[in-house]
Engineer: 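Could you have a look at this structure, given as structure tokens, before my questions?
Numbered from 1 within each chain, the chains take letters A, B, ... in sequence-line order.
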Amino acid sequence: MDTPLDPDHCYPALLARDARFDGVWFVAVRTTGVYCRPICRVRPPKRENCRFFPTAALAEAAHFRPCLKCRPELAPLARRWSAMDATDVLAREAVRWLDECSPEMATLPALAAHLGVSERHVRRVFTAVHGVGPLQYLQTRRLLLAKQLLTDTAMPVSEVALASGFGSLRRFNASFADHYRLKPSALRRTSQEATAAAPDTVELRLDLRPPLLGRALLQFLVARAVPGVEQVDVEAMTVLRSVRLSRPGAEDLLGWVQIHLPPDDTERAQVRARLSASLWPAIATLMPRLRRWLDLDADPAAIAAALGDELGGPATGLRLPGTIDRFELAIRAVLGQQVTVAAARTLATRLITRFGERLPPALGAPDGITHAFPPPERLAAATVDDIASLGLPARRAQALITLVQRWPTLAYAQGRGEVTAAIAELVELPGLGPWTAHYMLMRGWSWPDAFPPADVVLKQRMEQRADRALKPSEVAAAAQAFAPYRSYAVLQLWREAAQATSARSARSASGRDAGHKVKHTVKRTIKHMVQRTEESTVKGKAPHASPVATRRTTDPKRRARSAPRPPGAAS
DNA sequence: ACACTAATTTG
DNA sequence: AGATTAGCCTA
């Protein structure tokens with residue numbers, strides 16, 4: 001259960017509008033019946049009129065309605081990874097399942113069946129951890145999503161009701177009026193010319209805890225962007241990609257999403273997400289995934305503190321790129337084994353061409369977005385030879401096939417259980433080593449505390465910081481200092497390495513270096529850029545770069561950094 | 001600088 | 001319910 005909120009602690013934070021607590025708790029004001037985020041820019045309520053709640057659902061259960069100004073539905077979520085016992089894990093899984101499943105499926109019996117425990121137990125555990133029952137949580141979430149859609153989009157009210165997960169317009173109207181003391185149309189009176197231009201898309205807003213280093217996030221994504229599926233424009237600060245959504249109890253949906261990140265120095269940063277109309281029925285599922293993809297729930301201040309001044313300073317606001325589709329990420333992690341980022345992208349491109357699903361023209365996808373990543377069923381039909389023909393060694397093709405076949409049963413795939421168990425299960429798979437497992441958890445689960453073992457770049461950067469050679473065990477020990485946010489240290493160290501490399505290659509390109517120095521530079525460059533993983537079989541081979549991978553390294557990646565965007569890149 | 005919105009307080 | 005306050009938008 002959440003620790004009770006201490007007004008002595010919360011009230012000053014409220015007066016200070018401390019963003020660190022945004023989404024961590026809400027303040028409800030007795031005299032008005034409204035609850036707000038701590039950052040709300042309204043006249044501060046008197047202390048004796050305040051009540052503090054750890055979640056929006058609890059505030060609503062106490063009959064408060066959300067503020068129309070600070071919009072609690074946009075708030076970043078509170079994250080809890082540490083101190084998880086079995087009860088916490090079960091409650092977390094329950095929330096994720098409720099978030100992701102289709103409305104018809106969202107019943108207590110179905111939830112209990114999914115979790116493999118009795119209904120009574122689900123209810124007890126859920127209430128103990130979240131303070132409200134599963135259905136009340138769901139109700140709150142639906143109402144808040146409806147509120148957002150009414151405010152941000154021109155979507156017809158009947159569509160809003162369905163997209164938010166209500167069974168009928170009538171029940172939606174009744175529920176909305178009941179809880180919020182407002183008619184749905186009351187949120188609609190603002191002018192909607194903005195969306196009139198593109199009636200078959202909706203644009204949503206997502207809030208976060210500033211700062212956001214959007215450029216760094218885009219640079220990570222652009223290096224891995226697969227043509228036809230993803231299009232990143234670092235200058236315009238946009239990401240465009242196709243989306244496949246699979247939900248328990250419903251058919252897959254295809255569509256696309258365009259993300260617009262705010263400039264890095266924006267004070268009140270807000271991300272915008274434009275969605276194709278095809279995705280409306282699954283907005284509830286998509287929103288949390290978008291948040292995890294871009295790591296909008298991160299708490300930069302806490303991360304920077306854990307990383308220390310030297311590393312945490314430059315990393316303040318750095319995000320851990322996650323994924324919308326954990327299956328896609330898993331496959332691409334295997335494709336990326338033992339090869340450079342650029343080579344992995346080439347392989348992924350071939351995979352898309354061969355197995356991807358062409359987007360129907362009716363989706364109205366912007367130019368350049370042509371395919372969706374194949375679902376597990378589709379790849380399950382492939383043979384080892386099919387996969388190997390993409391340019392993978394037979395061994396790795398086999399590893400990929402095994403992963404696909406085991407996918408439906410993996411705890412990792414379902415986001416079930418604890419990190420250590422998920423890693424253990426993944427490492428059991430042939431051809432999948434600890435580096436890949438860590439990487440998969442780091443991005444697929446948004447696990448903040450990964451530190452991929454035996455990573456060459458990480459070892460070098462850690463040695464440089466320690467100013468001496470380190471054994472692998474010493475690297476791991478030194479990384480303990482960054483817990484529980486080692487993933488962010490990883491990102492920052494990778495980033496430093498990439499920046500050092502581009503600085504060196506820029507210097508050598510300008511021809512100011514002496515000959516022997518240039519040679520040295522090139523060698524270092526290659527070492528830094530070969531971001532590979534040991535193909536850790538169970539036998540455990542030492543990592544080494546193949547000459548082929550090494551030669552490919554410098555060239556394509558440098559080109560990728562300054563690649564002009566194709567014409568017609570929508571923005 | 002100004003009109004406007006939404007919340008909070010006051011009576 | 002009316003008055004006040006803070007912040008936002010538009011001019």
Engineer: First and last nucleotide of DNA chain C touching chain A, 5' to 3', heavy-atom cut-off 4.0 Å?
Structural biologist: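 So the outermost contacting nucleotides come out as dT4(C) to dC8(C).
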Engineer: Ignoring hydrogens and angles, tell me if any N or O in the side chain of Asp22(A) forms a donor-acceptor pair with the backbone of Arg209(A) under 3.5 Å.
Structural biologist: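 The answer is no, because no donor-acceptor pair under 3.5 Å joins these two groups.
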Engineer: Just one of Gln148(A), Lys147(A), Arg37(A) clears the side-chain hydrogen bond (donor to acceptor under 3.5 Å, both in side chains) bar with Glu73(A), so which one?
Structural biologist: Lys147(A)
Engineer: Would the distance check show the side chain of Gln139(A) and the main-chain N or O of Leu135(A) forming a donor-acceptor pair, the cut-off being under 3.5 Å?
Structural biologist: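 Answer holds: no.
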Engineer: When you measure from the side chain of Arg443(A) to the backbone N and O of Pro321(A), does any donor-acceptor pair fall under 3.5 Å?
Structural biologist: yes
Engineer: Grab the N/O contacts between the protein and nucleotides 7-11 of chain B below 3.5 Å, and write none if there aren't any.
Structural biologist:
{"from": "dA7(B)", "atom 1": "OP1", "to": "Leu68(A)", "atom 2": "N", "distance (Å)": "2.8"}
{"from": "dA7(B)", "atom 1": "OP2", "to": "Arg65(A)", "atom 2": "NH2", "distance (Å)": "3.2"}
{"from": "dT8(B)", "atom 1": "OP2", "to": "Thr32(A)", "atom 2": "OG1", "distance (Å)": "2.4"}
{"from": "dT9(B)", "atom 1": "OP1", "to": "Lys46(A)", "atom 2": "N", "distance (Å)": "2.3"}
{"from": "dT9(B)", "atom 1": "OP1", "to": "Asn49(A)", "atom 2": "ND2", "distance (Å)": "3.4"}
{"from": "dT9(B)", "atom 1": "OP2", "to": "Thr31(A)", "atom 2": "OG1", "distance (Å)": "2.9"}
{"from": "dT9(B)", "atom 1": "OP2", "to": "Asn49(A)", "atom 2": "ND2", "distance (Å)": "3.1"}
{"from": "dT10(B)", "atom 1": "OP1", "to": "Lys46(A)", "atom 2": "NZ", "distance (Å)": "3.0"}
{"from": "dT10(B)", "atom 1": "OP2", "to": "Lys46(A)", "atom 2": "NZ", "distance (Å)": "3.0"}

Engineer: How long is the gap from CG on Asp99(A) to CZ on Arg291(A), to the nearest 0.5 Å?
Structural biologist: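 If we round to the nearest 0.5 Å, Asp99(A):CG and Arg291(A):CZ are 11.5 Å apart.
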Engineer: List the atom of Trp97(A), the atom of Met105(A), and the distance in Å for their closest heavy-atom pair.
Structural biologist: CH2-O, 3.4 Å
Engineer: Applying a 4.0 Å non-hydrogen cut-off, can you work out what Arg30(A) is touching in the nucleic acid: base, sugar-phosphate, or nothing?
Structural biologist: nothing
Engineer: Pairing check on dT10(B): which nucleotide meets the Watson-Crick or G-U wobble criteria with it, both distances under 3.5 Å?
Structural biologist: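 dT10(B) is paired with dA1(C).
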Engineer: Angle class for the Trp494(A)/Tyr439(A) ring planes (parallel below 30°, perpendicular above 60°, tilted otherwise)?
Structural biologist: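 Taking Tyr439(A) first and then Trp494(A), their aromatic rings sit tilted (interplane angle of 30° to 60°).
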Engineer: I'd like to know if the side chain of Arg292(A) and the backbone of Ser446(A) have a donor-acceptor N/O pair within less than 3.5 Å.
Structural biologist: no
Engineer: For dA3(B), what is the paired nucleotide under Watson-Crick or G-U wobble rules, both distances under 3.5 Å?
Structural biologist: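 By the stated definition (distances under 3.5 Å), nothing pairs with dA3(B).
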